[in-house]
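All values below were derived from every heavy atom in this structure, side-chain atoms included, with hydrogens, water molecules and symmetry-related copies excluded. Note that the coordinates shown come from a computational prediction; the quantities given were computed from them, not determined experimentally.
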Amino acid sequence: MPNRIVTEIQTIETCPAPECNLLDKDVEQFVEELENYARLFEPAFRRREQWEWGRVYLKGLLGDTQRKTVERIALEQGENVRDMQHFVGQSPWQKEPAVIIHQGLIGSTLGEADGVMLIDESGVVKQGQESVGVAAQYCGSVGKVANCQVGVHLGYVSRKGYSLVDSQLFLPDEWFEQAHAVRRKTCGVPEDLSYQTKPEIGLKLLQVAIKRNEQAEDVLPFQWVAAEELYVDSPAF
């Protein structure tokens, strides 16, 4: 991987966005494909019932439900709301095994030697104060300071396509003040978690992805890392 920083934006051949020209029969075939895809992640769950609930949740996220809340997803699919809430909020399962499988799939289908890792953030506007990490902060989706959650994301792009690789929620420094101790406990924030800047989170996501490559059969190859000034101008990078 080159150890220099490129500050100019150059025009390169990219994968064009797909046209939405699907027929009803095409969509019907997706149901079976989605089942096959979900089964690839079964080894990431310690218990089969967790994987089953994961399938239900995945279908809900891709379904017609307008507001993707746990309650609405469960009701739309005729499932017990309390059981769905338990899976999302209280049933412990690890993210990393699923990300390992996901990163391997990206490498085997989209991987190219001169691929690009992308580091960027995205904000989601929230109405209340109950969501973990919510605060008045800059939200890129609306282009201004708003009450929102912000996540730092690691993406991958090649001539074959693009995909999200990994993500981590950003917690503003105010969330680590003593006045927010009860709030952190209520939201389930790990006690050993300390404040990290967005560039520090982005760099960590990149380093972890490289470490996965060292241990995986399906490597996610890349030659470049792209990020905006906030990240590449930071001491961490």
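Interatomic distance, CG of Leu205 versus CD1 of Ile119, reported as 7.5 Å (0.5 Å rounding). Interatomic distance, Gln168 CD to Leu171 CG, rounded to the nearest 0.5 Å: 9.0 Å. Residue Ser163 holds its OG atom at 10.0 Å from CG of Leu154, rounded to the nearest 0.5 Å.
Sorted by first and then second residue, the pairs that involve residues 35-62 and meet salt bridge (Lys or Arg N to Asp or Glu O under 4.0 Å), not counting sequence neighbours, are Glu35-Arg55, Glu35-Lys59, Glu42-Arg48, Arg47-Glu49, Arg48-Glu52, Glu52-Arg55. Screening residues 117-142 for salt bridge (Lys or Arg N to Asp or Glu O under 4.0 Å), with sequence neighbours left out, gives Glu121-Lys198. Counting only residues at least two apart or in different chains, salt bridge (Lys or Arg N to Asp or Glu O under 4.0 Å) contacts with residues 91-107 comprise Lys95-Asp166, Glu96-Arg212.
With sequence neighbours excluded, no residue forms a salt bridge (charged side-chain N to carboxylate O under 4.0 Å, His left out) with Arg184. Partners of Asp218 by side-chain hydrogen bond (donor to acceptor under 3.5 Å, both in side chains), not counting sequence neighbours: none found. Partners of Glu79 by salt bridge (charged side-chain N to carboxylate O under 4.0 Å, His left out), not counting sequence neighbours: none found. In this view, Glu71 satisfies the salt bridge (charged side-chain N to carboxylate O under 4.0 Å, His left out) rule with no residue, not counting sequence neighbours. Qualifying salt bridge (charged side-chain N to carboxylate O under 4.0 Å, His left out) partners for Asp233, counting only residues two or more places apart in sequence or in other chains: none.
In this structure, Val81 shares a hydrophobic cluster with Leu75, the cluster being traced through Ile, Leu, Val, Met, Phe, Trp and Tyr side chains under 4.5 angstrom apart. Taking Ile, Leu, Val, Met, Phe, Trp and Tyr as members and joining any whose side-chain heavy atoms lie under 4.5 Å apart, directly or through other members, the hydrophobic cluster of Ile101 also contains Tyr37, Leu40, Phe41, Leu105. When hydrophobic side chains of Ile, Leu, Val, Met, Phe, Trp and Tyr are connected at separations under 4.5 Å, Met84 ends up clustered with Phe45, Trp51, Trp53, Val56, Tyr57, Leu61, Val70, Ile73, Phe87, Val88, Trp93.
Linking Ile, Leu, Val, Met, Phe, Trp and Tyr whenever their side-chain heavy atoms come within less than 4.5 Å puts Leu230 and Leu169 in one cluster. Note on Leu203 and Val99: separate hydrophobic clusters, where clusters join Ile, Leu, Val, Met, Phe, Trp and Tyr whose side-chain heavy atoms are under 4.5 Å apart, directly or indirectly.
Other residues, nucleotides and ligands contribute more than 12 heavy atoms inside 6.0 Å of the CD atom of Gln129. Atom CD of Gln215 sits in a crowded spot, with more than 12 heavy atoms from other residues, nucleotides or ligands closer than 6.0 Å. Other residues, nucleotides and ligands contribute only 12 or fewer heavy atoms inside 6.0 Å of the CG atom of Asp24.
Side-chain contact between Val189 and Arg183: absent, with no pair of heavy atoms (C-beta onward) separated by less than 4.5 Å.
Between Phe176 and Tyr195, the ring planes lie perpendicular to each other; the angle is over 60°, past the 30° to 60° tilted range.
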Side-chain donor/acceptor pairs under 3.5 Å, residues 137-144, sequence neighbours excluded:
unit_1, atom_1, unit_2, atom_2, d
Gln137, NE2, Gly133, O, 3.4
Gln137, NE2, Cys148, O, 2.8
Ser141, OG, Gly123, O, 3.1

Trace of the side chain to side chain contact (heavy atoms under 4.5 Å, CB included) decision for Lys160 with Thr109
CA-CA 8 Å; Lys160 298 179 180 180; Thr109 56; over 6 Å; no
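A donor-acceptor contact shorter than 3.5 Å is absent between the side chain of Thr65 and the backbone of Gly60. Looking only at distances, a side-chain donor or acceptor of Asn213 sits under 3.5 Å from a matching main-chain atom of Leu220. The closest donor-acceptor contact from the side chain of Trp224 to the backbone of Leu118 lies at 3.5 Å or more, if one exists at all. Not one N or O on the side chain of Tyr156 forms a donor-acceptor pair closer than 3.5 Å with the backbone of Gly161. With His180 contributing its side chain and Glu174 its backbone, the two residues share a donor-acceptor pair below 3.5 Å.
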